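Right, one structure below, let's go through it.
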2 protein chains.
Amino acid sequence: MASAEQHAAPATAATDGGRRTRPVTITDIARVTGVVPSTVSRALNKPGRVNAVTRERIQAAARELNYVPNSQARALISGRTGTIAVVVSDVTNPFYFGLIRGTQQRLKAAGYAQLLIDTEDSGEHEAEMLQKMRRSLDGAILAASRLPERALTALAGEIPLVTVNRNVPRVQSVVIDTPTGIGLAVEHLVGLGHRDIVYVAGPENSWSNHARWRAVRAAAQRYGQRFRHVGPFPRGRRSGSAVADAVLASGATACVCFNDLFAIGMLPRLRQRGVRVPEDLSVVGCDDIFGADFCHPPLTTLTAPIEQAGEVAVAMLLARLEQPVTEHPGTAPSRRAVLLPATLTVRESTGPAPTTRLSAVRPPAGPS
Amino acid sequence: MASAEQHAAPATAATDGGRRTRPVTITDIARVTGVVPSTVSRALNKPGRVNAVTRERIQAAARELNYVPNSQARALISGRTGTIAVVVSDVTNPFYFGLIRGTQQRLKAAGYAQLLIDTEDSGEHEAEMLQKMRRSLDGAILAASRLPERALTALAGEIPLVTVNRNVPRVQSVVIDTPTGIGLAVEHLVGLGHRDIVYVAGPENSWSNHARWRAVRAAAQRYGQRFRHVGPFPRGRRSGSAVADAVLASGATACVCFNDLFAIGMLPRLRQRGVRVPEDLSVVGCDDIFGADFCHPPLTTLTAPIEQAGEVAVAMLLARLEQPVTEHPGTAPSRRAVLLPATLTVRESTGPAPTTRLSAVRPPAGPS
DNA sequence: ATGAAAGCGCTAACAA
DNA sequence: TTGTTAGCGCTTTCAT
């Protein structure tokens, strides 16, 4: 019972009266061991600089009392908080799962805590949050930031920053090279006989969307293809029906989607309208998110090494944080942009171009 | 150019030399406005208790210098950090997406930051992390904790805690009532003529797994069914093939899976072995995660209001944090457990029991 | 090797 | 209404 009690609240020190509890501080340890607080601090942090036996005694006491350092107090002095923010526009977008996992792992390994921030797809929100938290962060990783370029540059001057899938001058970034991958995808479609490819555009405020858009256009031109686009459509799977209808209306035999969510979202609607994938229409997604392999049919898509992107982003950030203070403050940290290749994963949503145009397509029958 | 410069680094004050920068503090504002720091503090935090014109002057200066309060320093005094940890066993498990979204939203609305912790499915890890971070947290929400009951109770004594899908005495919890839902699922299967139902068990260390297991067993008995189980299987979709093989070996005509990941994972293997769903085998999942509606065939599953669970968990936690300090420290906060109903969502993976036993099932052909 | 003292940025008594 | 003082927990000189 007594030991159970100890387990229940081991991290507290009884005051004189013994009726209230309070977190254990180095002062408590000092009192118990008969030294001064600064000695306790040394014994715990620079064990080499304190007598072996006192060190033992102090460390034992600390363990016994279940002492946990107050990181706020530490941060107040050092200015370093040990936490890194990972900023995403929407936590529920499966695209970010891998990113979050990648950053989480590396951050934990390095002893940092990960603060997850969801900006709800609003640049203003993003700026505001970051501004507010600046002081309690050692750095931030911005995934698909919605911030205008100048705001991003400005922010990078205030807090160590690494962006993911967003390339602006003077801020470190890791971007997944979907454009090159998209070239592969278009080549794949052309090889299957498609001559009329449409790009399904994502939201206007997405940097990736524009990068992919340009890539499809360039690749189409390279192969002498007709190129068009539909959209832009709002983020998310709910856009699926509208996307499907628009693609069908375009008359193209193949589409390249801004992302897998669009592609997956199209599928039910296409089925509903009697369009077979890939016999009547080939669909290419982008990112290879969770679900891309088990939707029906499984998606041909660009596999993005997003988890790796998270890892690299953390590595870049930590490298900067942990490098010795520059002698020459004028020397800006050399801008570094890492480009990660995306590969084409061919599954079952792409096939030979139909020899005849779609004819017996059922008309759109109301929203979804 | 000058104003651009201001935007680039507005949150710093030049020292005398003017060649280095440093975050703006209330002392800086005090100096600029000719008052003392405590007045600045008041002007910013209790505007009512300071002369209108000085207040204006101070607030203007704060805005001008782009002052941001140092939350560490504040925390040092108040003991409150404004951050809540959300602890999950695996960030990439889609089950948690909704939870994280729910907590994130409510937390942000209440002005708290969300610290996401991934325990990598290890109870030890979980305990260690929480222990280490205790001091920098105002509270924690534990999703599907792997901690033994006594450790959980002990922890609850040190830091305000709410568990999700884990019920232990004396700690507040919100649990999704999948057991009752499972009764519905079994009833549904019985109604379809199934007489031989197998439960696919999840990992041993999962509280939910045991709850669901018991529920299936109870329901089966209630309906005079034969009941068996296969497993336990390790978490994750990779278990899919093994699950499928085990279910097939059991000879049952229907299975209820620990979660959707198992169910989705089974599907390709079943197809590979020539087993049709639901004609030859009915499959029921649990949770209704992202993907359950677009896998093939779409899954009959228990829809868990997981986002709502996150919201409720936050509400419970904040209610406790923000309630005035109890006059009687002995009065433990009244234990409150919220039970959220899960509903049965019937899609296409369940159907009438086959009239004849499976015969021409292809043998398992190596892993996956 | 250890102790004494100062201070990080902020807030909260208490005084004036 | 404003200033003065003290102190949160910790680290870091500087003495000893």
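Proteins come first, then strands; the chains are lettered A, B, ... in the order of their sequence lines, and each starts at number 1. As a basis for the values below, the full set of heavy atoms in this structure was taken, side chains included, without hydrogen atoms, waters or symmetry mates. In this text, all values refer to a predicted model and were calculated from it rather than measured experimentally.
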*Taking CZ from Arg74(B) and P from dA12(C), how many angstroms apart are they, rounded to a whole number?*
9 Å
*Flag the pair Val40(B) / Tyr67(B) as yes when at least one side-chain heavy-atom distance between them is below 4.5 Å, and no otherwise.*
no
*Check whether any side-chain N or O of Lys46(B) sits under 4.0 Å from OP1 or OP2 of dA12(C), and answer yes or no.*
yes
*Could you tell me whether a side-chain N or O of Arg166(B) sits under 3.5 Å from a main-chain N or O of Ser145(B), the two making a donor and an acceptor?*
yes
*Closest heavy-atom pair and its distance - Pro47(B), Arg55(B)*: O-NE, 3.0 Å
*Could you list by number each residue of residues 50-62 of chain A showing a heavy-atom separation from DNA chain C of less than 4.0 Å, or answer none if no residue does?*
Val50(A), Asn51(A), Thr54(A)
*Please report, rounded to the nearest Å, how far the C1' atom of dG9(C) is from the CG atom of Leu44(B).*
13 Å
*Donor-acceptor under 3.5 Å (Arg146(A) side chain, Ala144(A) main chain)*: yes
_Nearest heavy atoms of Ser89(B) and Asp118(B), plus distance in Å_ = O-OD1, 3.2 Å
_Nearest-0.5 Å distance that lies between atom CD1 in Ile29(B) and atom CD in Gln59(B)_ = 10.0 Å
*Please list residues of residues 30-43 of chain A whose heavy atoms come under 4.0 Å from any atom in DNA chain D, ordered by number; otherwise none.*
Ser38(A), Ser41(A), Arg42(A)
*Work out how much the helix from dA1(C)-dT16(D) to dA16(C)-dT1(D) bends between its end axes, five pairs an end, to the nearest 10 degrees.*
40°
_So which atom in Ala143(A) and which in Leu99(A) form the shortest heavy-atom distance, rounded to 0.1 Å?_
CB-CD1, 3.9 Å
*What is the distance from CZ of Arg49(A) to C1' of dT11(D), rounded to the nearest Å?*
11 Å
*Would you find a donor on one side and an acceptor on the other, under 3.5 Å apart, between the side chain of Arg320(B) and the backbone of Leu161(B)?*
yes
_Ile77(A) CD1 - dG7(C) C1' separation (whole Å)_ = 8 Å
*Distance in angstrom units between Asn45(B) CG and dG9(C) C1', rounded*: 12 Å
_Using whole Å, what does the distance between atom P of nucleotide dC8(C) and atom CD1 of Ile26(B) come to?_
12 Å
_Any donor-acceptor N or O pair under 3.5 Å, side chains Thr81(B), Gln72(A)_ = no
*Donor-acceptor pair, side chain of Arg135(A) and main chain of Val68(B), under 3.5 angstrom*: yes
*Can you check the Leu76(A) CG to dT11(D) P distance for me, whole Å?*
11 Å
*asked:* Rounded to whole Å, how long is the line connecting atom CD of Gln72(A) with atom P of dT11(D)?
replied: 13 Å
*Measure the OG1-CG distance between Thr83(B) and Leu115(B) for me, rounded to the nearest 0.5 Å.*
5.0 Å
